[in-house]
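Only this structure's heavy atoms are used, side chains among them; waters, hydrogens and symmetry mates stay out. Just so we're on the same page: letters track the sequence lines, and every chain starts at 1.
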Amino acid sequence: MKLKSQINHVIKEAFSKANIDEEPISVSESTKPEFGDYQFNGAMALSKKLRKNPREIAQQIIDNLDLTHVIVKAEIAGPGFINLWLDPLWVASLCETARNDERLSVAKRESPIKVVVDYSGPNMAKQMHVGHLRSTIIGDTLANLLTFLGDEVIRQNHIGDWGTQFGMLIAYLEEKGEDGSVSLKDLEQFYKDAKGRFDADEDFANKAREYVVKIQSGDAQCLELWQKFIDISLGHCEEVYDKLNVKLTRDDVRAESFYNDDLGSVIKDLETKGTLQESDGAQCVFLEGDEIPVIVQKGDGGYLYATTDLSALRYRANTLGAKRISYVVDARQGGHFKQVFRVAKEAGFVAEDVKLEHIAFGTMMDKGGKPFKTRDGGTVKLIDLLDEAVVKAKAAIKDKDEYSELEVEDLAKIIGIGAVKYADLSINRESNYIFNWDKMLSFEGNTSLYMQYAYARIQSIFRRFDADIKGGIIIGDALEQRLAVMLLRFEDVLERAALDAAPNQITTYLYDLVTLFMRFYEQNPILKEGVDEATKMSRLQLADLTAKTIKQGLDILGIQVVNRL
RNA sequence: GCACCCAUAGCUCAGCUGGAUAGAGCAUCGCCCUUCUAAGGCGAGGGUCUUAGGUUCGAAUCCUAAUGGGUGUACCA
């Protein structure tokens with residue numbers, strides 16, 4: 001339900017009836033309950049243009065306002081605010097409709113576009129570490145969100161599977177023979193061991209160098225070994241994705257190596273466009289206003305990641321047909337993307353109307369505000385972090401004896417992983433954030449547990465009720481009105497979050513919703529003695545729609561709910 | 001040097017296209033379980049929104065500068 005646009009429509013009608021020849025600004029949610037459900041603040045801004053007192057303009061708008069269905073009451077306040085109250089009957093019927101709709105009345109885009117979301121992008125030579133967490137879950141959320149809203153989302157996992165270190169790794173894999181896959185379980189160690197051999201043994205080092213050349217020249221046997229290495233390594237990533245409840249699959253992989261055959265033509269095409277310049281032996285593109293050029297080919301003829309990204313950009317825009325290409329990558333690469341995007345547009349690799357965006361995010365910090373590391377200064381493996389989350393979640397579950405061992409296991413996974421993801425997604429993605437176990441596994445405040453708890457409480461009501469709901473929703477008091485309006489805002493929030501690629505707008509909304517529900521739940525009994533049938537049925541429906549909204553919201557974030565907690 | 005990002009309560013953070021007395025959670029202090037999950041709810045205290053200018057009827061929000069912090073900066077990705 002696009003609630004805001006419905007209200008805006010009524011305002012717009014009032015404008016034309018009042019012969020105000022201006023486009024009204026959008027209404028906004030009221031800052032306080034006393035100020036109604038929504039407020040229109042556009043009268044003040046018109047004061048100068050219309051050369052009229054803002055309160056007079058506000059009155060003029062109100063005089064022409066249709067108060068028969070959407071808006072039921074309008075009041076002027078302060079210098080010229082117009083406070084708007086929505087019709088409880090209208091709100092109630094919209095909630096009923098939403099509750100009975102699989103999509104909770106969230107419309108599918110009328111004109112969906114193809115969107116490429118590039119995220120996760122682990123390096124195959126190393127184990128996934130905490131640095132990959134944010135890209136993976138923010139990207140997945142964005143992909144889920146756009147899919148839900150009806151866009152055609154193409155997930156792209158741009159894995160790092162190319163480069164000189166692979167010669168060394170493959171040489172070592174060959175040396176280990178069949179045992180290779182076993183020792184590869186710990187990629188970090190495998191890498192260290194291979195490096196050790198490389199540094200210690202000249203023969204091995206030479207072999208490794210030979211392999212690099214062989215792979216790049218397409219030697220079949222080498223490529224087979226390389227492929228084996230990538231398969232195993234990717235398998236490890238998939239284990240992490242599975243734990244994280246992230247939807248990336250092998251079909252989404254378009255590795256760096258995928259673009260190899262196109263890199264020569266990228267250079268050639270840049271040359272044809274006349275944008276290429278040689279500088280210190282390297283092939284560069286100098287952008288107007290930039291001191292530092294984009295190097296697309298090294299002095300020794302090798303290509304760089306800018307070259308691969310250019311190739312990927314035109315593949316995505318032209319072959320895949322994307323109209324929006326979103327890179328969910330660490331903020332530190334902002335400069336790189338700015339340059340590459342410009343080169344791609346200026347060279348005509350990507351049409352002007354294709355939206356290229358870098359969905360930047362900040363770094364994960366420890367409690368002391370330093371980049372997140374292990375005690376001895378190493379990188380924290382993502383899989384270890386997730387396992388720890390599950391262990392900690394298990395320890396936090398109260399009344400464990402009420403569940404079977406298997407149930408505790410499942411519960412701990414859902415709670416622990418949800419906590420890690422929610423903590424990350426609830427922070428404005430562009431700022432750095434402090435990783436804190438105690439805070440994320442708390443039931444208090446804006447956490448996944450608080451949402452899951454609210455959901456479970458509602459399910460508990462329905463287990464107890466265990467019958468069919470009859471009748472409709474009747475808004476009985478101001479709190480129910482607020483809850484109902486909040487529920488109807490869902491689509492507006494999702495649309496906004498999609499536009500800004502901001503998952504925390506969803507979490508903020510869910511938190512507000514749940515907080516409101518908890519208050520409603522305390523004050524407005526549902527199944528208790530003395531609640532008349534019609535009220536009971538109405539409140540059950542509000543509770544049900546709340547639960548469905550929580551579930552759908554968390555689902556977009558890739559977080560599961562439980563029926564009992 | 002240059003560029004980008006950040007600065008809001010003791011701590012961690014919201015604050016959307018500029019709007020009314022700047023909001024949460026934690027921590028501190030009170031209150032509410034014979035009654036739908038108290039892993040909850042209600043209330044209190046706590047702020048020169050880094051500083052100085054500017055735009056505006058109106059600025060935490062937009063512009064400029066300063067200060068403090070972070071990041072990037074020619075052949076790694």
*What are the two closest heavy atoms between A:Asp512 and A:Met486, and how far apart are they?*
CB-CE, 3.5 Å

*How many Å lie between CZ on A:Phe341 and P on B:C4, as a whole number?*
17 Å

_B:C63 versus B:G25 - spacing of their P atoms, nearest Å_ = 32 Å

_Plane angle bin for A:Tyr327 and A:Phe341 - parallel if under 30°, tilted between 30 and 60°, otherwise perpendicular_ = tilted

*Looking at every strand, decide which applies to A:Gln523 at a 4.0 Å heavy-atom threshold: base, sugar-phosphate, or nothing.*
nothing

*asked:* Looking at every heavy atom in both A:Ser30 and A:Phe35, which two are closest together, and how far apart are they?
replied: OG-O, 2.9 Å

*Under the rule syn = chi within 90° of 0, otherwise anti, which is B:C33?*
syn

_Euclidean distance for C1', B:G15 against B:U55 (whole angstrom)_ = 22 Å

*asked:* Roughly how many Å apart are B:G58 and B:G19, using the C1' atom of each and rounding to a whole number?
replied: 7 Å

*Heavy-atom closest contact (A:Phe372 atom, A:Met365 atom, distance)*: CD1-O, 3.9 Å

*Quickly work out the A:Asp290 CG to B:C4 P distance and round it to whole Å.*
11 Å

_Minimum heavy-atom distance between A:Ile474 and A:Ser538, given as atom pair plus value_ = N-OG, 2.9 Å

_Spacing between A:Met365 atom CE and B:G69 atom P, to the nearest angstrom_ = 14 Å

*asked:* Looking at B:U71, which nucleotide sits across from it as a Watson-Crick or G-U wobble partner, both distances under 3.5 angstrom, or is there none?
replied: B:A3

_Counter-base of B:C62, judged by Watson-Crick or G-U geometry with both distances under 3.5 Å_ = B:G54

*Take atom P in B:G30 and the same atom in B:G70, then report the distance between them in whole Å.*
41 Å

_Greater than 12 external heavy atoms within 6.0 Å of A:Glu34's CD_ = yes

*Using a cut-off of strictly less than 4.0 Å, decide whether A:Arg519 has a side-chain nitrogen or oxygen near OP1 or OP2 of B:C42.*
yes

*asked:* Atom NZ of residue position A:Lys355 - does it have more than 12 heavy atoms of other residues, nucleotides or ligands inside 6.0 Å?
replied: yes

*With a non-hydrogen cut-off below 4.0 angstrom, is A:Thr515 in contact with a base, only sugar-phosphate, or nothing?*
nothing

*Under 3.5 Å on both distances, the Watson-Crick or G-U partner of B:A39*: none

*asked:* Without decimals, in angstroms, what is the distance between A:Ile76 CD1 and B:C57 P?
replied: 21 Å

*Any idea which heavy atoms bring A:Pro54 and A:Ala43 closest together, and the distance?*
O-CB, 3.8 Å

*Separation of B:C36 C1' from A:Ile458 CD1 (nearest whole Å)*: 12 Å

*B:A77 and B:U50: how far apart are their C1' atoms, nearest whole angstrom?*
36 Å

*Determine if A:Tyr305 stacks with B:C76; use a centre-to-centre distance below 5.5 Å and an interplanar angle below 30° as the criteria.*
no

*Which nucleotide, in any strand shown, forms a Watson-Crick or G-U wobble pair with B:C49, with both distances under 3.5 Å?*
none

*A:Tyr422 side chain to A:Asn446 side chain, donor-acceptor N/O pair below 3.5 angstrom*: yes

_Interatomic distance at P, B:U8 relative to B:A60, whole Å_ = 15 Å

*asked:* I'd like to compare against my own output: the B/S/- annotation of nucleotides 13-28 of chain B with a strict under-4.0 Å heavy-atom distance to protein.
replied: SSSBB-BBS--SSS--

_Need one value for A:Gly299: base, sugar-phosphate or nothing, where a base atom within 4.0 Å counts as base even if backbone is also close, heavy atoms only._
base

*Taking atom types as modelled, is there a side-chain donor on A:Tyr315 or A:Arg254 under 3.5 Å from an acceptor on the other?*
yes

*Classify the nucleic acid contact of A:Ala454 as base, sugar-phosphate or nothing, counting any heavy atom under 4.0 Å across all strands shown.*
nothing

*Taking for each residue the nucleotide of RNA chain B with the nearest heavy atom, is it A:Val514 or A:Phe286 whose nucleotide lies nearer the 5' end?*
A:Val514

*Please state how far atom CZ in A:Arg463 lies from atom P in B:U37, giving the value in whole angstrom units.*
8 Å

*For A:Ala360, answer base if it contacts any base atom (sugar-phosphate contacts may also be present), sugar-phosphate if it contacts only those atoms, and nothing otherwise; contact means non-hydrogen atoms under 4.0 Å.*
nothing

*asked:* Would you say A:Lys528 places a side-chain N or O within less than 4.0 Å of OP1 or OP2 belonging to B:U35?
replied: no

*asked:* Could you tell me how far B:A39 sits from B:U34 if I compare only their P atoms? Round to whole Å.
replied: 15 Å

_Interatomic distance where CG belongs to A:Asp438 and C1' belongs to B:U12 [whole Å]_ = 12 Å

*Specify the residue among A:Ala456 and A:Gly281 whose closest nucleotide of RNA chain B lies further upstream toward the 5′ end.*
A:Ala456

*Paired with B:G10 by Watson-Crick or G-U wobble geometry, both distances under 3.5 Å: which nucleotide is it?*
B:C26

_Nearest-nucleotide pick for A:Lys338, side chain only, options being B:G41, B:U37, B:C4_ = B:C4

*A:Tyr521 side chain: which of B:A74, B:A39, B:C36 is closest?*
B:C36

*Return the nearest nucleotide to the side chain of A:Arg332; candidates are B:U71, B:A74, B:U37.*
B:U71

_Between C1' on B:A39 and CG on A:Leu411, what's the gap in Å once rounded to a whole number?_
12 Å

*asked:* Rounding to an integer number of angstrom, what distance separates B:C42 and B:G72 when you compare their C1' atoms?
replied: 49 Å

